[in-house]
Amino acid sequence: MEKFVKFDGVVAPLDRSNVDTDAIIPKQFLKSIKRSGFGPNLFDEWRYLDQGQPDQDCSGRPLNPSFVLNDPRYRSATILLARENFGCGSSREHAPWALADYGFKVIIAPSFADIFFNNCFKNGILPIVLDTKKVDLLFVEASRNEALVLSVDLDAQQLTTPVGDLIPFDVDPFRRLCLLQGLDDIGLTLQHAEEIRAFEERRRASAPWVF
Amino acid sequence: MKNNKYEKDEFVLYVVPTYSCLIKPQVDRAMSAKTLYDKLWEAHLVRTDEDGTGLLYIDRHLVHEVTSPQAFEGLRMAGRMPWRTGAVIATPDHNVPTTDRAAGIVDPIARVQVETLDRNCQEFGITEFGMNDVRQGVVHVVGPEQGLILPGMSVVCGDSHTSTHGALGALAFGIGTSEVEHVLATQCLIQKKSKSMRISIDGELGPGVTAKDVVLAIIGEIGTAGGTGYVIEFAGAVIRALSMEGRMTVCNMTIEAGARAGIVAVDDTTIEYVRGKPHAPRGEQWQAAEVAWRQLHSDEGARFDREIHIDGASIAPQVTWGTSPEMVVSVLDRVPDPAVEPDPVRAEGMRRALDYMGLQAGTPINEIPVDLVFIGSCTNGRIEDLRAAAAIARGRRVAKTLVQALVVPGSGLVKEQAEREGLDRIFIDAGFEWRAPGCSMCLAMNADQLQPGQRCASTSNRNFEGRQGKEGRTHLVGPAMAAAAAIAGHFVDVRDF
């Protein structure tokens with residue numbers, strides 16, 4: 001995984017609550033056995049006017065002009081601003097794969113669904129939880145004529161607005177470290193292989209029916 | 001720094017320590033009384049880091065074709081092998097056709113995905129119930145049916161409806177593909193302990209009210225994010241009185257309430273369900289297992305972070321009207337009006353949902369016509385579900401206005417059992433299509449899909465936009481309600497049938 005570095009990014013405001021992973025990447029694209037190439041089909045049913053098919057060239061498809069990512073202001077967005085319970089529904093990791101492939105590095109919302117939240121960290125995306133009032137303010141600022149650019153500093157755990165307002169955020173220390181250093185958590189877990197083996201033997205003795 | 005508007009109106013909450021725990025009797029109770037979740041967590045905890053991150057040992061890992069190929073590829077790229085192949089069971093379910101199996105899979109991309117699962121299982125030595133094995137089916141129906149899920153186990157699968165298995169007193173949650181790879185490689189999952197919630201459904205359900213209505217009513221009550229960050233224990237007289245299959249329906253949709261796992265304490269119903277299953281322990285090992293499993297309940301006095309009580313008698317058959325499972329009312333109600341919703345974000349969500357669903361506020365639910373009916377899925381594709389639907393369909397005919405009524409058994413063995421009982425004939429005679437097992441129209445990855453604008457009464461778990469097909473309209477109901485809608489051509493209170 002690539003290291004998460006400090007960056008400035010355009011914010012795209014997606015003003016809906018309960019955005020589910022079926023909406024983020026519809027089911028027909030889940031037939032792929034690859035991890036890459038999902039970006040052109042991110043939000044497929046909202047983004048295009050026709051029905052998308054796997055392995056299709058999306059460059060000539062009719063765009064839905066009212067969808068936020070098709071607004072010229074947000075074409076280069078790398079930060080997605082969302083509402084409550086973002087990423088609910090299916091556990092499909094294709095959702096963060098599609099968001100990352102499209103170019104999103106940060107998602108800001110008042111709350112996230114648990115599995116999606118976890119999946120983001122495994123794919124170099126930082127999900128930031130802010131209280132509803134702050135999210136409301138960001139929606140106002142991101143919807144002005146000129147797109148909002150936020151500076152994201154994971155090391156310092158803060159966002160900076162163009163006028164210098166600081167917005168601190170919380171992040172789990174272990175996950176922060178993994179993102180900053182681009183760590184492979186399988187490798188980290190396998191450092192405890194002896195402990196896992198010892199646990200497994202104890203469990204085999206106490207609950208042999210499990211094995 | 002000047003005038004930072006993002007810092008205005010900030011309240012700092014101080015946690016005031018209370019010293020009531022110094023009173024001796026309460027200390028003893030608080031220290032010793034554990035929730036079922038506490039017990040399951042502690043039984044699988046390999047280690048805890050300083051920041052509280054736990055490493056949980058995983059007993060059972062279920063695998064299907066959609067969320068596993070990239071995980072196996074990851075193992076291969078890193079030169080890793082599965083830690084314990086005996087823990088893993090695979091079956092293809094999302095992409096399989098529910099029509100003639102002998103013809104294979106026509107869709108070339110879906111075929112490659114199913115063949116990739118076959119190849120990965122062969123290469124890594126993993127047991128798979130392949131597409132033409134009678135034990136194949138929806139992975140969450142297959143696991144308990146085979147006795148591969150036992151009380152007290154930790155269970156994962158790259159599928160959010162893994163919560164189903166909590167019905168057996170197991171700690172079960174859905175994970176992403178990176179975590180699938182992590183569990184394959186290490187037999188462990190990195191996780192922080194969740195908060196605990198107990199939802200008690202007290203009293204008794206009225207006639208014609210089912211487990212599906214119970215869980216939809218719970219979601220309507222707490223919302224689709226109500227359980228976020230929690231593991232939910234379902235308790236109370238209504239849950240105790242449910243069959244194992246009913247409990248599976250409730251736990252299955254825990255994820256629609258935002259919680260990764262739902263659990264039910266072990267009792268006689270659990271023990272009798274597991275007894276004699278193909279992979280259940282036997283003889284002396286059964287005796288020892290039963291003793292251990294009988295401990296799998298929350299202790300008297302155990303504390304939960306949140307407790308909710310719902311009166312079972314107040315629950316009527318439920319029908320969703322919108323594009324989120326929390327948008328649910330009783331069949332006796334009307335489609336709600338966004339104009340009376342005080343929260344502007346919610347009101348806008350309701351307006352968008354009504355627009356998508358092609359519904360007017362104020363329409364009585366039982367006047368909404370349906371075009372298709374789908375009976376099946378990991379929520380309601382078990383034998384009791386099919387019996388409940390068949391009891392309504394028996395001797396009746398599907399309405400002429402219906403485009404299609406599908407019955408898709410949850411597994412090959414459920415299908416066989418239903419055919420032994422003659423349920424297939426009842427459905428076919430009534431005008432339903434009797435299909436081969438799989439996820440089918442629950443998520444419409446195979447050919448079973450809604451066309452734009454079509455309205456479906458579905459026993460599945462999600463009514464999201466496009467879930468059953470682009471611009472398709474889904475209403476979630478229980479199996480008997482779905483069968484009744486098929487006969488009437490519109491929603492109808494099954495209690496009047």
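Being a predicted model, the structure only gives us computed values, none of them experimental. Numbers restart at 1 for each chain; the letters A, B, ... are given by sequence-line order, proteins then strands.
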(message) Report which part of B:Ile109 has an atom under 4.5 Å of a heavy atom belonging to chain A: side chain, backbone, both, or neither.
(response) both
(message) On a heavy-atom basis, which atom in A:Ile115 and which in A:Ser91 lie closest, and how many Å separate them?
(response) CG2-CB, 3.7 Å
(request) Could you check which of A:Ala207, A:Pro173, A:Gly187, A:Gly89 has the highest count of heavy-atom pairs closer than 4.5 Å to chain B? (result) A:Gly89
(message) Could you check whether A:Arg47 makes a cation-pi contact with A:Phe67, meaning its NZ or CZ is under 6.0 Å from the centre of the six-membered ring and within 45° of the ring axis?
(response) no
(message) Less than 4.0 angstrom from a charged side-chain N to a carboxylate O is my criterion; do B:Glu256 and B:Arg462 meet it?
(response) yes
(message) Once you measure the plane-to-plane angle for A:Phe112 and A:Phe116, does it fall in the parallel (<30°), tilted (30-60°) or perpendicular (>60°) bin?
(response) parallel
(message) Report which part of B:Asp107 has an atom under 4.5 Å of a heavy atom belonging to chain A: side chain, backbone, both, or neither.
(response) side chain
(request) Identify which part of B:Ala288 has an atom lying under 4.5 Å from any heavy atom of chain A, answering side chain, backbone, both or neither. (result) both
(message) Check this for me, if you would: do A:Arg203 and B:Asp59 make a salt bridge, where the nitrogen-to-carboxylate-oxygen distance has to be below 4.0 angstrom?
(response) yes
(request) Against chain A, label B:Trp83 side chain, backbone, both or neither, depending on which of its atoms sit under 4.5 Å from a heavy atom there. (result) side chain
(request) Pick one of side chain, backbone, both or neither for B:Asp51, based on which atoms fall under 4.5 Å of a heavy atom in chain A. (result) side chain
(message) Which atoms of A:Leu138 are under 4.5 Å from chain B, going by heavy atoms: the side chain, the backbone, both sets, or neither?
(response) both
(request) Pick whichever of B:Pro452, B:Ala444, B:Ala280, B:Gly258 has the most heavy-atom pairs under 4.5 Å with chain A. (result) B:Ala444
(request) Answer yes or no: is there a side-chain heavy-atom contact under 4.5 Å between A:Val152 and A:Lys6? (result) no
(request) Check each atom of A:Ser206 against the heavy atoms of chain B and say whether the ones under 4.5 Å are side chain, backbone, both or neither. (result) neither
(request) Please state whether the side chain, the backbone, both or neither of A:Arg175 comes within less than 4.5 Å of a heavy atom of chain B. (result) neither
(message) Only pairs of heavy atoms separated by less than 4.5 Å count here; which of B:Gly152, B:Cys157, B:Ser324, B:Gly229 has the most with chain A?
(response) B:Gly229
(message) What part of B:Arg346 gets within 4.5 angstrom of chain A, counting heavy atoms only: side chain, backbone, both, or neither?
(response) neither
(message) Counting only non-hydrogen atoms closer than 4.5 Å, does B:Arg80 touch chain A with its backbone (N, CA, C, O), its side chain (CB onward), both, or neither?
(response) side chain
(request) Answer with yes or no whether the side chains of A:Asp8 and A:Ser151 bring together a donor and an acceptor at under 3.5 Å. (result) yes
(request) Only one of B:Thr474, B:Asn463, B:Asp448 passes side-chain hydrogen bond (donor to acceptor under 3.5 Å, both in side chains) with B:Gln468; say which it is. (result) B:Thr474
(message) Quick check on B:Ala110 against chain A: is it the side chain, the backbone, both or neither that has a heavy atom closer than 4.5 Å?
(response) both
(message) Can you see whether A:Phe4 has A:Lys105 sitting over its ring - NZ or CZ less than 6.0 Å from the centre and within 45° of the normal?
(response) no
(message) Can you confirm whether the side chains of A:Asn85 and A:Asn18 place a donor and an acceptor under 3.5 Å from each other?
(response) yes
(request) Give the member of A:Asn118, A:Leu130, A:Asp55 that has the highest number of heavy-atom pairs under 4.5 Å with chain B. (result) A:Asn118
(request) Among the options B:Gly74, B:Gly349, B:Ala225, pick out the one with the most heavy-atom pairs lying under 4.5 Å from chain A. (result) B:Ala225
(message) Looking at B:Glu179 and B:Arg260, is any side-chain nitrogen of the basic one under 4.0 Å from a carboxylate oxygen of the acidic one?
(response) yes
(message) Which label fits B:His94 and B:His64: parallel for a plane angle under 30°, tilted from 30 to 60°, or perpendicular past 60°?
(response) parallel
(request) Please determine, among A:Pro96, A:Ser32, A:Ser17, the option with the most heavy-atom pairs under 4.5 Å with chain B. (result) A:Ser32
(request) Measure distances from B:Arg467 to the heavy atoms of chain A and classify the residue's part below 4.5 Å as side chain, backbone, both or neither. (result) both
(message) Would A:Arg176 and A:Phe121 count as a cation-pi pair here, with the cationic atom under 6.0 angstrom from the ring centre and within 45° of the axis?
(response) no
(request) Measure A:Gln28 against the heavy atoms of chain B and call it side chain, backbone, both or neither at under 4.5 Å. (result) neither
(request) Could you tell me which of B:Arg84, B:Gln191, B:Arg282 has the largest number of non-hydrogen atom pairs under 4.5 Å with chain A? (result) B:Arg84
(request) Please look at B:Gln70 and chain A and tell me whether the side chain, the backbone, both or neither of the residue comes under 4.5 angstrom of a heavy atom of that chain. (result) both
(message) Is A:Asp15 close to chain B through its backbone or its side chain, or both, or neither, when contacts mean heavy atoms under 4.5 Å?
(response) backbone
(message) Counting only non-hydrogen atoms closer than 4.5 Å, does B:Thr116 touch chain A with its backbone (N, CA, C, O), its side chain (CB onward), both, or neither?
(response) side chain
(request) Assign the ring pair A:Tyr102 / A:Phe104 to parallel, tilted or perpendicular, where the plane angle (0 to 90°) is split at 30° and 60°. (result) parallel
(request) Compare every heavy atom of A:Gln157 with every heavy atom of A:Asp170, then report the nearest pair and how far apart it is. (result) CA-NE2, 3.8 Å
(message) So for B:Leu150, is it side chain, backbone, both, or neither that comes closer than 4.5 Å to the heavy atoms of chain A?
(response) side chain
(request) Please look at A:Arg16 and chain B and tell me whether the side chain, the backbone, both or neither of the residue comes under 4.5 angstrom of a heavy atom of that chain. (result) both
(request) Name the option with the most non-hydrogen atom pairs under 4.5 Å to chain B; the candidates are A:Phe174, A:Trp97, A:Trp209. (result) A:Trp209
(request) Considering only heavy atoms and a distance below 4.5 Å, find which of A:Ala193, A:Ala95, A:Ser90, A:Ala113 pairs most often with chain B. (result) A:Ser90
(message) Using a strict threshold of under 4.0 Å (side-chain N to carboxylate O), is an ion pair present between B:Arg47 and A:Glu195?
(response) yes
(request) List the atom of B:Asn461, the atom of B:Pro325, and the distance in Å for their closest heavy-atom pair. (result) O-CG, 3.9 Å
(request) Measure distances from A:Pro26 to the heavy atoms of chain B and classify the residue's part below 4.5 Å as side chain, backbone, both or neither. (result) neither
(request) Tell me, for A:Gln53 versus chain B, whether the close heavy atoms (under 4.5 Å) come from the side chain, the backbone, both or neither. (result) neither
(message) Report which part of B:Thr228 has an atom under 4.5 Å of a heavy atom belonging to chain A: side chain, backbone, both, or neither.
(response) both
(request) Decide whether B:Glu465 and B:Thr323 meet the rule of one side-chain donor and one side-chain acceptor closer than 3.5 Å. (result) no
(request) Sort B:Glu348 into side chain, backbone, both or neither according to what part of it lies under 4.5 angstrom from a heavy atom of chain A. (result) neither
(message) Which one wins on heavy-atom pair count under 4.5 Å against chain A: B:His279, B:Lys192, B:Glu471, B:Gln449?
(response) B:Lys192
(message) Between A:Asp136 and chain B, with a heavy-atom cut-off of 4.5 Å, which part of the residue counts as in contact: side chain, backbone, both or neither?
(response) neither
(request) Could you have a look at A:Asp184, A:Asp114, A:Asn119, A:Asn123 and say which one has the most heavy-atom pairs with chain B under 4.5 angstrom? (result) A:Asp114
(message) I'd like to know whether the aromatic ring centres of B:His44 and B:Tyr57 sit less than 6.0 Å apart in this structure.
(response) no
(message) I'd like to know which of B:Ile190, B:Thr53, B:Asp49, B:Thr67 tops the heavy-atom pair count under 4.5 Å against chain A.
(response) B:Ile190
(message) Any carboxylate oxygen within less than 4.0 angstrom of a Lys/Arg side-chain nitrogen, looking at A:Glu200 and A:Arg197?
(response) no
